[in-house]
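So that the names make sense, note that chain A is the first sequence line, chain B the second, and so on, each numbered from 1.
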There are 2 protein chains.
Amino acid sequence: MDRRKIKTKKAITEAFNTLITKKRYEKISIQNIIDEADVGRSTFYEHFGTKDDLLRSRCHELFEHIFSQNDEKTTNHEFSNCPFDPLSKEFINANALKKIFTHILYHFLQEKKIIKGILYGESKDIFLGYLRKYLADVLNRIELSKTDLPRDFLTNHIAGSFIEATKWWADGNFLISPINLGEYLIQVIKI
Amino acid sequence: MDRRKIKTKKAITEAFNTLITKKRYEKISIQNIIDEADVGRSTFYEHFGTKDDLLRSRCHELFEHIFSQNDEKTTNHEFSNCPFDPLSKEFINANALKKIFTHILYHFLQEKKIIKGILYGESKDIFLGYLRKYLADVLNRIELSKTDLPRDFLTNHIAGSFIEATKWWADGNFLISPINLGEYLIQVIKI
DNA sequence: TATGTTTTCGAACATATTGTTTGATAATAT
DNA sequence: ATATTATCAAACAATATGTTCGAAAACATA
């Protein structure tokens, strides 16, 4: 890949990161982004078709990172308490679910300023759409109990609960630890 | 109130109702609304400051109606199974909660086309903000169990679960009955 | 170093939207 | 009958989007 391309892409995504911590997504214009990134108008459009494209690209990178297997290499010890294998086929119980949640929350905490910015307005839906998609694979491994609940209702409920808890967490400026929030979640979710 | 004012306001809100069933909120321009309502541009701005104002006005009316006491007068018998007194001070148990949910869901079902339209994109947040606000009063009457869960985490979780279930219901075109969905909810919420 | 390709840039352009202002016209209340 | 109030169309400034163009710079390759 051309060095210039990498540079511009980086400038644009960093401009986005800066702006999203200052004002909400819908108030950020493409003009703002190219001003902050200091690139030409047409240059932006050579990399991203729309503002949503840019956000989707950011979300894709983030979740690919979170749900990739080899991140126990991270220097942060706390992570090692809550590893999970996203490609495993094993059934998930309450304890496994807690580990998964906590693991994701640690990642969110690492980029909390940006995450919090994204968790408002329009950008929220796009971000949560990705989260829901990545969670779906994991949640489908939950063993269905004998209730008459449809599987998709249950997985939607659990994903929704995680999402709502995350928003609650961000709204309160990430006061409690990922481990605590994981525990809260397990206490309110019947599995 | 001036007859002309009432007429225009009605024309605008009905235009909004029509449009929201056809395309999502963010794609509806004020130009679209005044074309559909057949009113002048400046007239719109005499009634509503922004498009969001219009939506908020609609939400306010809807939730005032749902959470008002005297609506058992409705002709729909099914409602009478699930009345609730929003001004009561009594504690809420699982059964009371189920009645409240079912009651609200019946109202949503009555205007399902519009509700479904509103439940996408930007309009969703505004709508759900109102729902959350109105629910808060009720949910604060839930008796806290001996867990260490913060009250606002718990109420947020329950409101969130109801919201997610409602979206799931709307996405599936309101296939099951309000009573069924109310039962699903009670099955997944620990109280 | 020389050469051909790729990327960037700025400026201009068409198009669309928002929100405000104006004065004329018509409906309303009393 | 009259004073008030609501509506309307048309024009306006301001802002945003997405496209196009040719010139200039950075690049890969040999």
Separation of atom CD in A:Q31 from atom P in C:dA11, rounded to whole Å
12 Å
Other residues, nucleotides, ligands: >12 heavy atoms within 6.0 Å of B:K23 NZ
yes
Whole-Å distance separating the CD1 atom of A:I6 from the P atom of C:dT6
16 Å
Would you say C:dT8 has OP1 or OP2 under 4.0 Å from some side-chain N or O of A:H47?
yes
To the nearest angstrom, the NZ-C1' distance between B:K5 and D:dC8 comes to 16 Å
With heavy atoms under 4.0 Å as the rule, sort A:R41 into base, sugar-phosphate or nothing.
base
Whether A:R41 side chain and A:I30 backbone form a donor-acceptor pair below 3.5 Å
no
Whole Å only: how far is the CD atom of A:E26 from the C1' atom of D:dT15?
17 Å
Within the structure shown, what part of the strands sits under 4.0 Å from A:R4 by heavy-atom distance: base, sugar-phosphate, or nothing?
base
Nearest-angstrom distance from the residue atom CG of A:D2 to P of C:dT8
7 Å
Residue among B:W168, B:Y134, B:F101 satisfying ring pair (Phe, Tyr, Trp, His ring centres under 6.0 Å) with B:F162
B:F101
Is A:R3 close enough to C:dT6 that one of its side-chain N or O atoms is under 4.0 Å from OP1 or OP2 there?
no
Taking for each residue the nucleotide of DNA chain C with the nearest heavy atom, is it A:K9 or B:M1 whose nucleotide lies nearer the 5' end?
A:K9
Rounded distance (Å) that lies between atom P of C:dT8 and atom CD1 of A:I34
13 Å
Starting at atom OH of B:Y45, determine the distance to atom P of D:dA10, rounded to an integer number of angstrom.
18 Å
Separation of atom CD1 in B:I12 from atom P in D:dA6, rounded to whole Å
13 Å
Are A:F127 and A:F63 close enough that their ring centres sit under 6.0 Å apart?
yes
With DNA chain C as reference, determine whether B:K7 or B:G49 sits nearer its 5' end, using the nearest nucleotide of each.
B:G49
Sidechain N-carboxylate O distance under 4.0 Å for B:E164, A:R132:
yes
Check whether any side-chain N or O of A:T43 sits under 4.0 Å from OP1 or OP2 of C:dC9, and answer yes or no.
yes
Which is true for B:S42 with a 4.0 Å heavy-atom rule: it touches a base, it touches only sugar-phosphate, or it touches nothing?
base
